[in-house]
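A quick note: this is a predicted structure, and the numbers were derived from the prediction, not measured. The chains referred to below are lettered A, B, ... by the order of the sequence lines, with proteins before strands, and numbering in each begins at 1.
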Protein chains: 2
Amino acid sequence: MTVHLQPRPRGRPRGFDAANALEQALRVFWTRGYDQASVDLLCSAMEMPRATMYSLFGDKDGLFLAVVSHYAQTRLSFVAETLSSGNDLLQDLHAFFKGVVQLSTAGRDPAGCLISCVLADVAATNAEFRDERNRRFDALEQRLEARLLRDGWPTSGSCPANVAASLAAAMARGIVQRGRTGQSADDLYPVAISAAEALYRMRDTLPEK
Amino acid sequence: MTVHLQPRPRGRPRGFDAANALEQALRVFWTRGYDQASVDLLCSAMEMPRATMYSLFGDKDGLFLAVVSHYAQTRLSFVAETLSSGNDLLQDLHAFFKGVVQLSTAGRDPAGCLISCVLADVAATNAEFRDERNRRFDALEQRLEARLLRDGWPTSGSCPANVAASLAAAMARGIVQRGRTGQSADDLYPVAISAAEALYRMRDTLPEK
DNA sequence: CAATTTTTGAAACGAGTATTTCAAAAACCG
DNA sequence: CGGTTTTTGAAATACTCGTTTCAAAAATTG
């Protein structure tokens, strides 16, 4: 006997799994990119009729932005939280870059990062996507900078905190991109470890020469 | 009076500037990406009739691959040659990363790198492009590794030459991607300098712990 | 000039796209 | 059961895209 804690809504019940729909759409966008992910493909992956998709998300752009948000919540927050573990900086950096490798090599064919690969691409010809990309990119840099500042990283000198944060983000995105080319986690872990080490050593830079 | 060193070929002369056609197509692909660069747009930018484009390059894919090759010859070789200057390693690394910044912020709206941004994207759903991307990516890593080895960079230890080369490539591609988001050369130069420094310091890693 | 060769421009094709529309279906309420 | 509400599925719309075709144009050759 099925128990309905909340009474079933009025009209015809939905025939698709609402909780999993964005996850399925994510897989399509993730592996094929925006342009190559047709609405047909997306809807059949979600097992959702086109009419329903349009009533829920407005258009393909709206679905994509919802997917990006879903992706950030389910994938990126996990990586970002490595910077708030309570451990010391070097440990956090190691965890962060390892998380980046896991992110970009998880699953079978989906690889890379939906934001730094797929969203970054469509941003070229779509103002709304461009804004979204810029917000997401800036957010990572700011999160990294805040972590460095919390550790007493200097704000001036040859490698101030904001520059170090930009460098860390660049390393992360470069690693992610290599994940999308098919390199395995085993290939990328040594790179991630060296990235953490290389960044950490920049803190010891003398104020000026 | 025009002097023809080589006799004019047989039929109707071409009405477009053959020497500049690829350069114009490059601008379109570079700024708009592959899918958003329609054949109409490409041909009008090249001032070349569609029929001529198809007879010269076969199809849109063929034109794109020709553009990629043109791009590599006119843009990337300049950056790659910074690693063969005859100067010491640190100087070369500085020149390399500065070249990366210049590459990804040159021009007005075209930004980023045609290979690591545009080609990398279409590689998701096209096997031919995927091969081309992998070749180009591998080539950069190998060139970097060769430069490190020439300087006596160790091949074992915590950061062997191949790992350091992968890290350098990742940093470069991450910087390039930030150029595509609109960051200026002035924003990115400090990151480039820190990238060179950070990588250089990894050579001093002790063999094992 | 006539024949030949190559390029040109425009039209046409066929396939695929995002989006809209709407009657039928499937539930609930009274 | 009849009325209401929401979802469904399929058809239709309107458009863009990559590609092919081909007669006209513009040059050289004999």
**Study point:** B:Glu141/B:Arg147 salt bridge by N-O under 4.0 Å criterion
**Key:** no
Review point. For D:dA25, does OP1 or OP2 lie under 4.0 Å from any side-chain N or O of B:Arg12?
Key: no
Practice item. Round to a whole Å and report the spacing from CD of A:Glu47 to P of D:dT7. Key: 17 Å
Review point. For B:Thr52 and C:dT7, is the shortest distance between a side-chain N/O and OP1 or OP2 below 4.0 Å?
Key: no
Review point. Among D:dG18, C:dT19, C:dT8, which is the nearest nucleotide to the side chain of A:Asp59?
Key: C:dT19
**Study point:** Pair B:Phe64 + B:Phe129: ring centers closer than 6.0 Å
**Key:** yes
Revision key, fill the gap. Separation between CG (B:Leu93) and CG (B:Leu144), nearest 0.5 Å, reads 8.0 Å
Practice item. Take the protein atom CZ of B:Phe16 and the nucleotide atom P of D:dA26, then report the distance between them rounded to whole Å. Key: 16 Å
Exercise for review: Figure out the CZ/P separation between A:Arg14 and D:dT5, and round it to whole Å.
Suggested key: 17 Å
Practice item. Measure from the side chain of B:Ala51, starting at C-beta and using heavy atoms only, and say which of D:dG3, D:dT21, C:dT5 lies closest. Key: D:dT21
Practice item. Could you tell me the separation between the OH atom of B:Tyr189 and the OG1 atom of B:Thr105, rounded to the nearest 0.5 Å? Key: 6.0 Å
Review point. Between C:dT8, D:dT29, D:dA26, which nucleotide gets closest to the side-chain atoms of B:Arg10?
Key: D:dT29
Review point. B:Met48 CE to C:dT7 P: how many Å, rounded?
Key: 10 Å
Practice item. State which residue, out of B:Asp121, B:Asp61, B:Asn126, fulfils the side chain to side chain donor-acceptor pair (under 3.5 Å) condition with B:Tyr34. Key: B:Asp61
Check your understanding: In whole angstrom, what separates A:Met46's CE from D:dG9's P?
Key -> 13 Å
Check your understanding: B:Lys60 or A:Pro49: which one's nearest nucleotide on DNA chain D is closer to the 5' end?
Key -> A:Pro49
**Study point:** Separation of D:dA10 C1' from A:Tyr54 OH (nearest whole Å)
**Key:** 15 Å
**Study point:** A:Met53 CE - C:dT19 C1' separation (whole Å)
**Key:** 9 Å
Practice item. Report the distance from atom CG of A:Leu41 to atom P of C:dG16, rounded to the nearest whole Å. Key: 13 Å
